[in-house]
**Q** 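One structure follows; several queries about it will come next.
Every chain is numbered from 1 and lettered A, B, ... according to where its sequence line falls, protein lines coming before strand lines. Since we're looking at a predicted model, the values are computed, not measured.
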Number of protein chains: 2
Amino acid sequence: MVGIRDVARLAGVSTATVTRALRGDPSVTAATKAKVQAAAVQLGYVPSAAARALSRGHSNLLGLFVPDIVNPFYAQVAQGLEDRAAEERYHCVIASSHLNREREQQLLTSFQDGTLAGLAATTVGSDESFAAALTATRGPLVLVDRRPRGFNAPLVRTDNRKVTRHAISRLFAMGHTRIAMISGPREFDTACQRLSGFRMAYQDAGSFLPDSYIRHGHLGEAGGHAAMRELLALPQVPTAVFCFNNLVTVGALTAIRAAGLKIPHDISVLAFDDMSLFPLVDPPITAIAQPAYEMGRAAADMLLRRLAGEQEVTDIVLPATLIERESLGPPPAAERITPPAT
Amino acid sequence: MVGIRDVARLAGVSTATVTRALRGDPSVTAATKAKVQAAAVQLGYVPSAAARALSRGHSNLLGLFVPDIVNPFYAQVAQGLEDRAAEERYHCVIASSHLNREREQQLLTSFQDGTLAGLAATTVGSDESFAAALTATRGPLVLVDRRPRGFNAPLVRTDNRKVTRHAISRLFAMGHTRIAMISGPREFDTACQRLSGFRMAYQDAGSFLPDSYIRHGHLGEAGGHAAMRELLALPQVPTAVFCFNNLVTVGALTAIRAAGLKIPHDISVLAFDDMSLFPLVDPPITAIAQPAYEMGRAAADMLLRRLAGEQEVTDIVLPATLIERESLGPPPAAERITPPAT
DNA sequence: TTGTAGGCGTTATCAG
DNA sequence: CTGATAACGCCTACAA
């Protein structure tokens, strides 16, 4: 292990000067700076991260907690966070809880050791002990996508309600009157917001929304699949479905295909969150795309700013956009004749 | 900041005892152990990761370098690595280079500071300076998926050649004689192995493989798209394509769709690497699935073993499997009548 | 079984 | 502009 003292000795200066020279401190002669750098490269000197972290009081690691790194949405957030962090010479440690709250807690507490300078998180859990663990983190905290109840950390999100309202209104414009939603857990504010936009579109259209058309608390492919089956078993099968997120959509699509229904002929499908393969699905899926990469960058940016001492970091709301493909169409002919029963 | 001394004071013991008690050292009375633990929780004591790392000589962070975390293959590897690492109380730092070699180098060198206890990597670069940087890493190194030329670190991979040969033979059995391959960069040993399996299947079938049916060096969706267009412009359009990996497949599919061709009626498509949405694509894509999650676990395991002092860690070869869906079919009728020209 | 004390490699303060 | 030197917080011989 070649240390700073070795470099100092070779360059004929003190360790303090080495530190300064290497950090580009202006109060160092160009001559000595050159000497030091030469010595450093000659010795292949690399400052120890641990020693630096101990001495400076914090690491150069940013954390990202996500429920599932395999979900491309979070992978994109990760990429954005990492790119932005790299610009300030920070690295990222990514922890994925597999949608497991217990694991999430463990991870959280295990990171209270100062490994991380700051943390960006999208959490599944939301109870108090959880909140406590999250705020006990040494460095700044930023929330991504959603904010658990009773939290006050800054959040980066998209305008869920607005974009949903807009997208659903398109469905009404096409003649649909029976639009269902496979929604997420009630505790997710994202679910609330998307549901709210959904309801507003119903109001705008002056249509009645039966409770049975909203399936709460579904998550993942399995959840989407189950919810879709319930929907298809209803006496009045909806003519369109709006899915809470990408994985839920995949599950719903599978159920629809299994039922032998054709999209959009028999039923229209609208997804929240885009996927790179949606354009190639049969049929190409219309989706509301969140700027995941940008959300990651924004989260890193907020963290970096707080790390730089800035206090007044506030929420960021990015626009989501409707990407029209072919999974939306007019309702089946029969439905247009028979409006929804009382 | 509550430190070990605070705990020691509260528990009425020395700092050494605190360390031992908390680590579960058997040479500590149950009584004192209890006292210490009580004090620790009462104070909310969490040992500093930096101090521990400095003192012990290495961190509890495992690194994973991948070209692209948004590619679900690597995301799954990451998940596997993380899960296995967590079992031994290690965390994971994930760095994704965006397929950019320069960035890869930067990342690599920036991690020579001992941040990582060990590193698992799938690299894009392969030159000497690169190899040097990779081996200069403080801790053990494990390669995932492919090994850059002239490296001797242990590798976890799948049996590319064997599974490819098998899959391609299915195509021949269906009556195809003009099977093309969109292959990856020549420096990738994975590309070589898959190509080798591809060639062997041709030999097994006693068919002639024109050079124009192999497109080298394509990567990513853009690469797959370009290569497919070239293939479709050939005088003798192939009746089946084998794609080097998942992203290449997506690009190829897009090109095929743009050309107005129907799969598998006009052309059959075989993918290397599965994707969760392949079953829903039009038509469902037949793919060779690598056990990505298991590969990640295996990589973590090898790292952990080397960290535990084990020396003789050798390559691991996991089985890949052909998942039959609907993108493979007999060649177009016309082709069956007119065998490939001289 | 438990305590004492030195060191891990940097950074930062304070003189000079 | 540069040099000594004291932390940073924990771990671990070694001693008791």
**Q** Going by side chain to side chain contact (heavy atoms under 4.5 Å, CB included), name the residues that satisfy it together with A:P319, two or more places apart in sequence or in a different chain.
**A**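 Partners of A:P319 by the side chain to side chain contact (heavy atoms under 4.5 Å, CB included) criterion come out as none, since no residue qualifies.
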**Q** Walking along DNA chain C from 5' to 3', note the first and the last nucleotide with an atom under 4.0 Å from a heavy atom of chain B, and give both.
**A** C:dT1 to C:dG9
**Q** Please check this pair: side chain of B:R306 against backbone of B:Q311, looking for a donor-acceptor N/O pair closer than 3.5 Å.
**A** no
**Q** Extract all donor-acceptor atom pairs below 3.5 Å that involve side chains of residues 33-53 of chain A and protein atoms in other chains or at least two apart in sequence.
**A**
unit_1, atom_1, unit_2, atom_2, d
A:S48, OG, A:A50, N, 3.3
A:S48, OG, A:A51, N, 3.0

**Q** Excluding sequence neighbours, so at least two apart, what forms side-chain hydrogen bond (donor to acceptor under 3.5 Å, both in side chains) with B:D83?
**A** A:H98, A:R103, B:Y293
**Q** Specify the angle, to 10°, made by the local axes at the two ends of the helix from C:dT1-D:dA16 to C:dG16-D:dC1 when five pairs are taken at each end.
**A**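 Rounded to the nearest 10 degrees, the bend comes out at 30°.
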**Q** What is the distance, rounded to the nearest whole Å, between atom CG of A:D113 and atom P of D:dC11?
**A**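 Value for this atom pair: 11 Å.
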**Q** Provide the full list of salt bridge (Lys or Arg N to Asp or Glu O under 4.0 Å) pairs with a residue in residues 1-10 of chain B, sequence neighbours left out, each pair given once.
**A** B:D6-B:R9
**Q** Please produce a list of atom pairs where a protein N or O lies less than 3.5 Å from an N or O of nucleotides 3-7 of chain D.
**A**
unit_1, atom_1, unit_2, atom_2, d
D:dG3, OP2, A:S14, N, 3.0
D:dG3, OP2, A:S14, OG, 3.3
D:dG3, OP2, A:T17, OG1, 2.6
D:dG3, N7, A:R20, NH2, 2.9
D:dG3, O6, A:R20, NH1, 3.3

**Q** Hey, could you give me each pair passing side-chain hydrogen bond (donor to acceptor under 3.5 Å, both in side chains) that has a residue in residues 17-27 of chain A? Not counting sequence neighbours.
**A** A:S14-A:T17, A:D25-A:S27
**Q** Where along residues 26-46 of chain A does a heavy atom fall under 4.0 Å from DNA chain D?
**A** A:S27, A:V28, A:T29, A:T32
**Q** With a 4.0 Å cut-off, would you call B:R149 and B:D189 a salt bridge?
**A** no
**Q** Salt bridge check: are A:R101 and A:E187 linked by an N-O gap of less than 4.0 Å?
**A** yes
**Q** Nearest whole angstrom, please: distance from the C1' of D:dG9 to the CG of A:L54.
**A** 6 Å
**Q** Hey, are the side chains of B:Q290 and B:D273 touching, using non-hydrogen atoms and a 4.5 Å cut-off?
**A** yes
**Q** Is B:R52 near enough to D:dC11 that one of its side-chain N or O atoms lies under 4.0 angstrom from OP1 or OP2?
**A** yes
**Q** Output every pair passing salt bridge (Lys or Arg N to Asp or Glu O under 4.0 Å) with a member in residues 84-97 of chain B, not counting sequence neighbours, ordered by first then second residue.
**A**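 Checked against salt bridge (Lys or Arg N to Asp or Glu O under 4.0 Å) - neighbours excluded - the pairs reaching residues 84-97 of chain B are B:R84-B:E87, B:R84-B:E88, B:R84-B:D301, B:E87-B:R297.
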**Q** Which residues pass the ring pair (Phe, Tyr, Trp, His ring centres under 6.0 Å) test with B:F111, not counting sequence neighbours?
**A**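 Once residues adjacent in sequence are excluded, the partners of B:F111 under the ring pair (Phe, Tyr, Trp, His ring centres under 6.0 Å) criterion are A:H91, B:F65.
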**Q** Looking only at atom types and distance, does a side-chain atom of B:R146 sit under 3.5 Å from a main-chain N or O of B:T123, one as donor and one as acceptor?
**A**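 Side chain of B:R146 to backbone of B:T123, a donor-acceptor pair under 3.5 Å: yes, one is there.
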**Q** My understanding is that only residues two or more places apart in sequence, or in another chain, count here; which of them pass side-chain hydrogen bond (donor to acceptor under 3.5 Å, both in side chains) with A:S97?
**A** none
**Q** Under 4.0 Å, counting only non-hydrogen atoms across every strand here, what does A:S48 touch: a base, just sugar-phosphate, or nothing?
**A**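 Touches sugar-phosphate only.
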